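No experiment lies behind these values; they were computed from the predicted model shown.
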Amino acid sequence: MIAPIVIFAFNRPKALLRLKESLEKNNLFATSEKIVFIDGYRNEKEKEKVDEVIRIARTITENVQISQVNKGLGTSIIEGISSVIRQYGKAIVLEDDLICSSNFLSFMNQALDFYQDDPRIFSVCGYGLKIDKPKNYMGDIYLSGRSSSWGWGTWKDRWEQVDWEVKDWESLSNDKKKQKAFNRNGSDMYDMLKDYMHGRNRSWAIRFCYSQFKLEKYSVCPFISKIENDGFGEDATNCKQHYSRFKADFDNTTNQTFLFPHSPEPDKKIMAACYKYHSLPIRIYSKLRNLI
């Protein structure tokens, strides 16, 4: 079964239109079930843009779910995916600031089918960092301890394992060794989770990543990214900066088949390369670039 495409949008009609245009280049787009969730506007100034987003969404699918209140992205994602995944058993998830390659849906559906019965795989990511493939490495994907919220998919049984309340927060906040282990997936991981717990962000993704870490699971990522993020700028809700440290090689090929290794193992060189993107020096450099 082809996985349903779940799109989350808010007040950026141009972004949603670009996402739609990129998805339409995918062979599986027409035959995929599509659901668009649109968050409610926060004030009258936003209403016109949200209304335009609704109009564009209805050219994508008849199944447009419009919130009458502003839930925020985190709540919208959790509630929306939970409702879809209960019905379909899996889902491909996109936010409106993303651009997909023409083989994104082929990659996602093939990977979701291939790794469905591998309990170590928690999610499939369409976005992949610019990572050099090690010599003699077989496959078009690598394992990462850190999932990405930029075009991804998962299955019902994995989604239902996520601890959205972070019930062990008190234990984690007093365990330096466990904090350090969590930060092996990026020096910003524990701080982002701490900020959520103290009300400084509303991220659903950091809670997803923390559950993946606790359960000792991995995400599958492509060496050649099937996603570009178009959401860095003033209109973005969660990404205000113009410079991004998340460099990637975007897939401009027409390739529709991919090599997925059975029971892949985490590669130390790849893990180190992934960590470098999220290391403290690179994060500081990124912030300085956006201040200049």
* Are the aromatic ring centres of Phe107 and Phe258 under 6.0 angstrom apart? -> yes

* Asked: Is the Trp204-Phe8 ring centre distance short of 6.0 angstrom?
  -> no

Does a salt bridge link [X] with [Y], judged by any charged N lying under 4.0 Å from a carboxylate O?
{"X": "Lys177", "Y": "Asp175", "result": "no"}
{"X": "Lys226", "Y": "Asp140", "result": "no"}
{"X": "Asp51", "Y": "Arg55", "result": "no"}

* To do: Can you spot which of Phe208, Phe122, Tyr127 makes a ring pair (Phe, Tyr, Trp, His ring centres under 6.0 Å) with Trp152?
  => Phe208

* **Modelled atom types, side-chain donor and acceptor of Ser219 and Ser144, under 3.5 Å** => no

* To do: Among Asp157, Thr154, Asp113, find the residue that satisfies the side-chain hydrogen bond (donor to acceptor under 3.5 Å, both in side chains) test when tested with Lys90.
  => Asp113

* Asked: Is a side-chain donor or acceptor of Asn229 paired with a backbone partner of Leu98 at a separation under 3.5 angstrom?
  -> no

* Considering non-hydrogen atoms only, spot the tightest contact between Lys217 and Gln161 and give its length. => CE-OE1, 4.4 Å

Beyond-backbone contact of [X] with [Y], side-chain heavy atoms, under 4.5 angstrom:
{"X": "Tyr218", "Y": "Pro266", "answer": "yes"}
{"X": "Leu23", "Y": "Lys34", "answer": "no"}
{"X": "Ile92", "Y": "Leu112", "answer": "yes"}
{"X": "Thr61", "Y": "Ile5", "answer": "no"}

* Phe250 reachable from Leu19 in the ILVMFWY side-chain graph, under 4.5 Å edges -> no

* Asked: Is there a side-chain contact (heavy atoms from CB on, under 4.5 Å) between Val93 and Val84 once you walk through the steps?
  -> CA-CA 10 Å; Val93 185; Val84 172; over 6 Å; no

* **Row check, Phe10 ring normal vs Lys49 NZ/CZ: under 6.0 Å, within 45°** => no

* Can you say whether the rings of Trp169 and His198 are parallel (under 30°), tilted (30 to 60°) or perpendicular (over 60°)? -> perpendicular

* To do: Step by step, work out the salt bridge (Lys or Arg N to Asp or Glu O under 4.0 Å) result for Lys25 and Glu21.
  => CA-CA 7 Å; Lys25 297 174 183 177; Glu21 290 170 349; over 6 Å; no

* To do: Please check if atom NZ in Lys167 has more than 12 non-hydrogen atoms from other residues, nucleotides or ligands closer than 6.0 Å.
  => yes

